[in-house]
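To start, the structure itself, in structure tokens.
All heavy atoms count here, side chains included; hydrogens, waters and symmetry mates do not. Here is the naming used below: chain letters follow the sequence lines, and residue numbers restart at 1 for every chain. Everything numeric in this text was worked out from a predicted model, so none of it was measured.
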Amino acid sequence: MTGKMALPNHYFAGRLGSKFIIALRDENKILGVKCEKCDKVFVPPREYCERCMSKLDECWVELSNEGVITNYTVVNYNDKHLPRRAPYILALIKVDGADTPFPHIVEGIDAEDVKTGMKVKAVFAEETTNTIRDLDHFEPV
Amino acid sequence: MAKKNRNVGIVGIGQTEYSSHKEHQNQAEMVNEAVRYALEDANITLDDIDCVLHGNMELFEMVFQPDMWHSLGSGAYGKDQFRITTGGTTGASLVCAADNLVASGMYDVVMAIGMEKLQEGHTTGGITNMADPLWFRHLQTGALTATTATMMMDEFGEERAKKAAMKYRILMDKHACLNPRAHRRFGLEYEQADDLMNTSPQLVGELRLIHMCSQSDGACVMIFASEKKAKKMCKTPVWIRDHITVHREETFNNFGIEMPEMTHHYAARKLFERNGIKDPVEYFDVFEMYDPSAWWGLDWAREFLLLKDDEHIKLLEDGEFDLDGKLPINPSGGVTASNPIGATAMLRPAEAAMQLRGDAGPQQIKKKVKHALASGFGGTLWSVLMMLEKDLDWQEVENG
Amino acid sequence: MAEYFGTAVEDIFNTMEERFLSEGTLDVDVTIGYNISGEGGGNWKVTIKEGTLKVEDADGEVTDCTAVLNANAETFVGVTLGKLDAGEAFSSGNIKVDGDLTVLVAILPKAFKPFKPVIKASAIVESVEERFLPEKAEGVDIKIGYDLSGDGGGQWTVVVKDQTCTLKEVLDDDCTVIMRMEAQVFVDLNQGKLDGGTAFSSGQVKVDGDIGVAGQSASLFEKYVAEGAAEEEGEELISLKCVPSINQRYATGPTMGKWFDGLKEKKFFASKCPQCGRTLVPPREICAQCRVRCNEFVEVGPDATVTLIDVVYYASPDPLTGKIRETPYTALFMVLDGVSRDESFAHDLNPKDIDRIKPGMKVRPVWAEKRMGTYRDLLYFEIAD
């Protein structure tokens, strides 16, 4: 028997999440938050440090738009919810100044040539959607 | 049930406010808020927690294994974690699981997190999706049915039953108005009963909008510790005496010519029998019951308290379920006031525990509260029932 | 009172105190004169000094100030509300400033929260014809009555028929539904400041007639946006709306498979527990009470005896299609002939029997013409007489 599960959802980014996306969208900047106690910079930002529970909402740090690939994979299948047609590169990128990498798409290079440790820089979207994709992709420096 | 290895105390409770507008927080941040309150209440840090339990109903927010994402706020990094999702009973199951984990000796300090952000999903659609997709899904109307109302009107007469259900509803709202965290506080007065009874829009049959529970966002966190640690950590630990979980088949097939024993009745019967409770109305000082609608709250009072005929309606009519009555029900306002589904069933033992501790706030019962009863509900009429105690003195009764 | 873009000039001055942001003007010491000409205009002198505000009505033209703004009423209101471009207004001479222009440009935005026009219930109702969406009203034939009390209230009937919408300034007797409430409650509901559930539950809104129509009528009109409504105050909060849609295919398995095969032949098959003798409908492989496998099938029904009746007025959307069923509809709980007395079965009732159905009655199934072994094979039950 076939069926479909389709229910509407509406997710909130929160105050800090909103500021992060607005900075991507309006200023083409990547923002993180720093926990002084743990001496760690988290990106994307969150309201409290998950290790020591310090409040981080006033500890914004502007990070570089450049970073390194810490790991990557190549997506080889197509699905309607994926952001690109296969094959495309999905990598973990640690921007300079951050202690946590975050996942994003890497373009402008063949899959065989990607290496961890490669330097990449952010390319921002022309048409924005109020999501992480206002940062469109990273490409080799 | 086998004898416990050691006693389990509740040493910390944290709750967010319940509302339908938490646009300023994402899910992980909402969880974090309740975690911080609980840690503060227990006067400990994350380092003291050995194990984290996390629970909600995934179908509502459509985020699978949200405990992974929520580790950004739950502090679970580097700790043992279990995930529990048992429908509406999730919150209560979390407490049962925490009790089992600490009683067994596997962990000394366990933190349980129940949460839901219903604003981010579609509640009734989600509940309907619980039904067997082959046959029942297209028939189900979420959690809405008037069968209980119909049966009560048959048994007690239409007028008396409707008046009783409305009195119960207004009583719950009066309690909710005392609770600063409650989601819906209408400020209803008993004079409005006749008007509401006849003008509140009907959802199904005599189940009207006014009778039905809310859909809320919120999180509740409780911290449990072994007896030794609890006594060291906390000035007023309160204790989990016993709990029972009773499920039945995953279909709503018990509305036949004869009705089988309800899980609520079965749970109460077994739990009280093995604990030597002969008269629950006399024994307990407070009952935080999971009441998804005013009709169910009233009907299940009879089931859980093992009453007969119209004894439950008489107790209601005589004011014995009020805050200053013989057995106050839901000083917190109950589920009709606040319903963040993954947490709702945990709110019941949480509020009951606060009553035992004496720091429940404006909704605190004035008389001394030593014995508490709390229930959880979910699925196709499943029940979780638990007993909480202020002092560790029941052990003599058992051994005596 | 003369209104431009839904607002009177004096509304802007009357709300200056409440919109004043003291912290933004601690190092400020200026006076600003306003000479607004035209209907509804006037003269005002505004003094902002070290975090305090004074707004005075002036008799006649104001001249001796750090800056004096001269404009006609319509331009002044339009620019304040952001409906008219300030730059263009200056260039075209519609606004003239004597004195220090930078005062206006640098200080005013720091000193006041943006003006938000007061929305009146009557404005919302009186705009229904313009906001009507005929393409959404195919086959709709309803009359919605509004009985709003208090300031901005009134009585209206909105007639939607043949994909046109007409507004009448009376409350007709034969409305499909009448909504009664305070005018302010109506505005708050319409603008999303009060949620419908709370309003109904707490008795702030009373509905006579078909409440389903009331809910569905909202989709027939574009949202009302006040003329000159400024940007929402406060920070922008980002959210993501999406409808995750996942296709699924369920295997029925042999037990439910037998049930569905039976439907094709207009038959009901139950499983029987060898230990307690219960008949389970629909059939299940294990008897949950005995924890024993039920290998035997028995044919039951097709008629049944009704035990309980649920008349459903509020239908939730079907998660599989998003569609909402027409209400009211009736769900029946019944015991099929030959099934144990404590095992009920639930299904729909033929709408023609809604008024006659009572517990204890006998009902029979009504089958689809073409049956393919799915839940659609069984249409509903009807009274067997």
Side-chain angles (χ1 to χ4, degrees), chain A residues 1-24 31-60 79-82 92 94 98-103 130-132 134, chain B residues 14 20-40 44-47 49 52 58-64 66 69-79 117-135 137-138 142 217:
Chain A
M1 252 188 68
T2 56
K4 201 199 279 231
M5 204 152 75
L7 291 171
N9 285 103
H10 189 182
Y11 303 110
F12 293 97
R15 280 210 180 93
L16 279 79
S18 298
K19 190 161 167 169
F20 173 72
I21 294 196
I22 292 170
L24 292 178
L31 300 179
V33 288
K34 178 165 185 172
C35 176
E36 291 295 339
K37 207 157 157 201
C38 301
D39 193 24
K40 276 205 186 321
V41 175
F42 297 109
V43 61
R46 70 292 307 259
E47 210 184 350
Y48 282 82
C49 173
E50 76 221 29
R51 310 287 172 89
C52 69
M53 297 280 163
S54 303
K55 198 157 196 265
L56 306 178
D57 67 339
E58 315 234 311
C59 308
W60 291 95
D79 201 308
K80 59 183 191 275
H81 72 279
L82 291 175
L92 280 175
K94 186 130 87 89
D99 288 298
T100 59
F102 61 88
N130 279 354
T131 65
I132 184 76
D134 289 356
Chain B
S20 54
H21 286 286
K22 284 189 182 282
E23 295 93 353
H24 60 291
Q25 282 176 321
N26 60 37
Q27 292 177 25
E29 286 165 350
M30 186 179 78
V31 166
N32 178 267
E33 188 184 339
V35 167
R36 279 182 293 110
Y37 294 159
L39 290 173
E40 236 173 78
I44 58 174
T45 69
L46 275 178
D47 290 334
I49 305 281
V52 176
E58 282 173 351
L59 205 50
F60 294 138
E61 295 87 8
M62 280 287 251
V63 179
F64 296 103
W69 171 24
H70 296 171
S71 66
L72 288 182
S74 65
Y77 179 85
K79 298 192 192 296
K117 210 156 192 270
L118 291 180
Q119 187 193 12
E120 299 196 351
H122 194 291
T123 313
T124 310
I127 295 180
T128 311
N129 244 324
M130 261 174 48
D132 162 10
L134 296 172
W135 180 250
R137 194 179 285 172
H138 80 299
D217 294 356

#### Entry: B:Leu46, part contacting chain A, at a heavy-atom distance under 4.5 Å
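Contact with chain A involves the side chain of B:Leu46 alone.
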
### Message
Testing the basics here: between B:Arg36 and A:Met53, what is the closest heavy-atom pair and its distance to 0.1 Å?
### Response
CG-SD, 3.6 Å

### Minimal non-hydrogen separation, A:Asn9 against B:Phe60, with atom names
ND2-O, 3.2 Å

State whether the side chain of [X] and the backbone N or O of [Y] hold a donor-acceptor pair below 3.5 Å, judged by distance alone.
X	Y	answer
B:Asn32	A:Cys49	no
B:Glu120	A:Phe12	yes
A:Glu47	B:Glu29	no

### Query
Step by step, would you call B:Lys117 with A:Tyr11 a side chain to side chain contact (heavy atoms under 4.5 Å, CB included)?
CA-CA 9 Å; B:Lys117 210 156 192 270; A:Tyr11 303 110; over 6 Å; no

### Message
By the definition side-chain contact (heavy atoms from CB on, under 4.5 Å), identify the one residue from B:Gln25, B:Glu23, B:His24 that meets it with A:Arg15.
### Response
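The option that passes is B:His24.
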
### Query
At what distance, to the nearest 0.5 angstrom, does CD of B:Glu61 lie from NE2 of A:His10?
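Taking CD in B:Glu61 and NE2 in A:His10, the distance rounds to 13.5 Å.
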
